[in-house]
Amino acid sequence: QQRSFEHMSLPSPPASKMFAPPDRPANQHWAEQGPPVLIGFDFDCTLTVRHFFKVFSWGYLSGNMRGHPHCTAFAEWCKKRKIGTRLTSQPYGMWQDNALGMALEGFVKANGQEAYKACIREIFFGGEARIAALASFLEELRNAGLKSGGGRPNDMAIVTAGRSATVLRALWAAPELAKFFPPPMVWDVSQCRHNVDGVMATKALILREISPHAKRIILVDDSLESDEPASWVLDSAGVEMFRGRLPYEASGLNRLNFGQLWTHAIGGGSPTTVWPSHELDGEDGEDEADEDDDDDEVIEDNEGGDGDIDPLKSDPEDSDGPPTPRGVRDLLKRQEAKSKAKGKAKASQDEPMEGVEDDADGDAGYNEIISDDDLEPDDESRPMP
């Protein structure tokens, strides 16, 4: 006998309830659930005091300590601890087109986890006092939602133009900060499903994906001054931009701007966190570049070299240390080739690639300063940090 399943069918809802008209103000439907405020942070030079991505992928990867102004402090830190400033062996694993991942794993392999932790905490998060202050401030930001958000704390997320996995790798060195940013709350712009123009616009859309029901979303990013998102994107995502004092590639959140962020996000009252003074406070991202003009100081590279190596030289292959690994050179060449194809380098593809010359055995050696175009991400639609 044929069985009947009519008794299992469910009645359809009235048509009026299936397609309710949008009779509420824009974005009001997000206010019924979710955290009171989602605060989305950029990572480099917002939560950090120096550019984590560029120091490792533009500087350490090839030993070029002139790759970015923030490489100077990294080189000095390495000199004091007799740590090499250049990747000397390609780490195990699939690292094609992942310059930062390759550099980080190579650094850990050469120097150990403890040296890596110390480097991240001191050079990039600004030392123990700043880490403690930042953790205290984030705690206050989160708990402020309990007073005004109906018993729910505020949420926090990171959206980077670098690599989300390497951000987690850095947060691992600072568990005081990592507790605010679990893996589901750490994203990068390559993970956005919307194709829009600009990094800030991409980040705004990702933040709404992270928390569809947040009442408010605030994006805090030092790159805002050079990448203003389209107003329609901000309106569509319901995202506000923090427009306080946060200069591009300077020292990130500090004692000079945390009060402005509190006022924007929370409004009344004031945080109790006491921020320490830091040597980078007040920089506009150019002071460290001036220090690069001193070419007389020699910094030792003990990563297998026989003599003194100056990591501030523009030509890392001129030193007596080990050459840049073939895998790294291949990565640099592939990325430079992509840059040429996009019209950012020389017009003629018949000319040799700038910064690469043939050795006697036919291998290529990298011998020029790494520029913005030299370490381009693998996804051509993905902007640089």
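As a basis for the values below, the full set of heavy atoms in this structure was taken, side chains included, without hydrogen atoms, waters or symmetry mates.
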Exercise. So which heavy atom on N154 is nearest to which on G145, and how close?
Worked result: ND2-N, 3.2 Å
For this session: Could you tell me the separation between the OG atom of S251 and the CZ atom of R130, rounded to the nearest 0.5 Å?
Result: 7.5 Å
Exercise. Is it true that a side-chain atom of R216 and a backbone atom of A265 form a donor plus acceptor pair closer than 3.5 Å?
Worked result: yes
Problem set entry | Sub-4.5 Å side-chain heavy-atom contact between M241 and P229 | yes
Exercise. Below 4.5 Å, heavy atoms only, C-beta onward: do V108 and E114 meet side chain to side chain?
Worked result: no
For this session: Determine yes or no for a side-chain-to-main-chain donor-acceptor pair under 3.5 angstrom, with T48 supplying the side chain and C45 the backbone.
Result: yes
Problem set entry | Smallest separation among heavy atoms of H51 and K54, with atom names | ND1-N, 3.2 Å
Problem set entry | Check against side-chain contact (heavy atoms from CB on, under 4.5 Å), V159 and I210 | CA-CA 10 Å; V159 185; I210 293 174; 4.3 Å; yes
Problem set entry | Rounded distance [0.5 Å steps], CD in E140 versus OG1 in T273 | 3.5 Å
Exercise. Taking atom CZ of F242 and atom CD of Q260, what is their separation to the nearest 0.5 Å?
Worked result: 5.0 Å
Exercise. Can you list the residues that meet the side chain to side chain contact (heavy atoms under 4.5 Å, CB included) rule with E225, with sequence neighbours excluded?
Worked result: Y248
Exercise. In Å and rounded to the nearest 0.5 Å, what is the SG to CG distance from C119 to N111?
Worked result: 9.0 Å
Exercise. Are any side-chain N or O atoms of N257 and backbone N or O atoms of N254, one a donor and one an acceptor, separated by less than 3.5 Å?
Worked result: yes
For this session: Could you pull out the closest heavy-atom pair between R255 and W275, with the gap in Å?
Result: CB-CB, 3.5 Å
For this session: Would you check if F52 and L100 make a side-chain contact, meaning some heavy-atom pair closer than 4.5 Å?
Result: yes
Problem set entry | Steps toward side-chain contact (heavy atoms from CB on, under 4.5 Å) verdict (V239, I218) | CA-CA 6 Å; V239 172; I218 301 169; over 6 Å; no
Exercise. Any side-chain heavy atom of L207 sitting closer than 4.5 Å to one from L38?
Worked result: yes
For this session: Sequence neighbours left out, what passes ring-ring contact (aromatic ring centres under 6.0 Å, His included) with F181? Give chain and number order.
Result: none
Exercise. Any donor-acceptor pair under 3.5 Å linking the side chain of S211 with the backbone of R208?
Worked result: no
For this session: Provide the full list of salt bridge (Lys or Arg N to Asp or Glu O under 4.0 Å) pairs with a residue in residues 195-207, sequence neighbours left out, each pair given once.
Result: D42-K203, K203-D221
Exercise. Of all heavy-atom pairs between A204 and L219, which one has the smallest distance, and what is that distance?
Worked result: N-CD2, 4.3 Å
Exercise. In chain order, what residues pass the side-chain hydrogen bond (donor to acceptor under 3.5 Å, both in side chains) check against S270, with sequence neighbours excluded?
Worked result: none
Exercise. Cluster partners of L205, using ILVMFWY side-chain heavy atoms under 4.5 angstrom, listed by chain and number?
Worked result: V196, W232, V233
Problem set entry | Nearest-0.5 Å distance that lies between atom CH2 in W77 and atom CD1 in I123 | 7.0 Å
For this session: Could you give me the CA-CA distance, side-chain angles and deciding distance for H68 and R50, then say whether side-chain contact (heavy atoms from CB on, under 4.5 Å) is met?
Result: CA-CA 10 Å; H68 188 271; R50 293 184 178 90; over 6 Å; no
For this session: Take E228 and R243, measure what salt bridge (Lys or Arg N to Asp or Glu O under 4.0 Å) needs, and give me the verdict at the end.
Result: CA-CA 11 Å; E228 179 69 35; R243 301 183 183 278; 2.7 Å; yes
Problem set entry | side chain to side chain contact (heavy atoms under 4.5 Å, CB included) against P175, all qualifying residues, sequence neighbours excluded | R121
Exercise. Shortest non-hydrogen contact from G67 to W58?
Worked result: O-CE3, 3.4 Å
Problem set entry | F124 side chain near D44 side chain, heavy-atom distance below 4.5 Å | no
Exercise. Are the side chains of L224 and L246 in touch, meaning some heavy atoms are under 4.5 Å apart?
Worked result: no
Exercise. Does D155 use its side chain to pair, donor to acceptor, with the backbone of P35 at less than 3.5 Å?
Worked result: no
Exercise. Can you tell me how far the CD1 atom of I206 sits from the NE2 atom of H194, to the nearest 0.5 Å?
Worked result: 9.0 Å
For this session: Go through the structure and list residues passing side chain to side chain contact (heavy atoms under 4.5 Å, CB included) with D227, not counting sequence neighbours.
Result: V199, M200
For this session: Kindly write out the residues that satisfy side-chain hydrogen bond (donor to acceptor under 3.5 Å, both in side chains) with W172, not counting sequence neighbours, or none if the list is empty.
Result: none
For this session: Would you indicate whether the side-chain heavy atoms of L177 and F125 approach each other to under 4.5 Å?
Result: yes
For this session: May I ask you to test the M102-L87 pair for a side-chain heavy-atom distance under 4.5 Å?
Result: yes
Problem set entry | Of all pairs that satisfy ring-ring contact (aromatic ring centres under 6.0 Å, His included), the ones with a partner from residues 102-122, not counting sequence neighbours | F56-F107, Y60-F107
Problem set entry | Pairing residues for T263 by the side-chain hydrogen bond (donor to acceptor under 3.5 Å, both in side chains) criterion, not counting sequence neighbours | none
For this session: Look only at the side chain of S57 and the backbone of F53, and say whether a donor-acceptor pair between them is shorter than 3.5 Å.
Result: yes
Exercise. Salt bridge between E105 and R169, side-chain N to carboxylate O under 4.0 Å?
Worked result: yes
Exercise. Where is the tightest heavy-atom contact between K215 and P36, given as atom of each residue plus distance?
Worked result: CB-O, 3.2 Å
Exercise. Would you say the side-chain atoms of D188 and S190 include a donor-acceptor pair closer than 3.5 Å?
Worked result: yes
Problem set entry | E249/H70 under side-chain hydrogen bond (donor to acceptor under 3.5 Å, both in side chains): CA gap, chis, key distance, verdict | CA-CA 9 Å; E249 293 194 357; H70 292 178; 5.5 Å; no
For this session: In plain terms, say whether E76 and R81 are close enough for a salt bridge, that is, a side-chain N and a carboxylate O under 4.0 Å apart.
Result: no
Problem set entry | Pair L138-F41, side-chain contact (heavy atoms from CB on, under 4.5 Å): steps then yes or no | CA-CA 11 Å; L138 294 176; F41 294 95; 3.9 Å; yes
Exercise. Which class fits the ring pair F137 and W262: parallel under 30°, tilted 30 to 60°, perpendicular over 60°?
Worked result: tilted
Problem set entry | Listed partners of A178 passing side chain to side chain contact (heavy atoms under 4.5 Å, CB included), at least two apart | L171
For this session: Please list, chain by chain and in numerical order, all residues satisfying side-chain hydrogen bond (donor to acceptor under 3.5 Å, both in side chains) with Q191, sequence neighbours excluded.
Result: S164
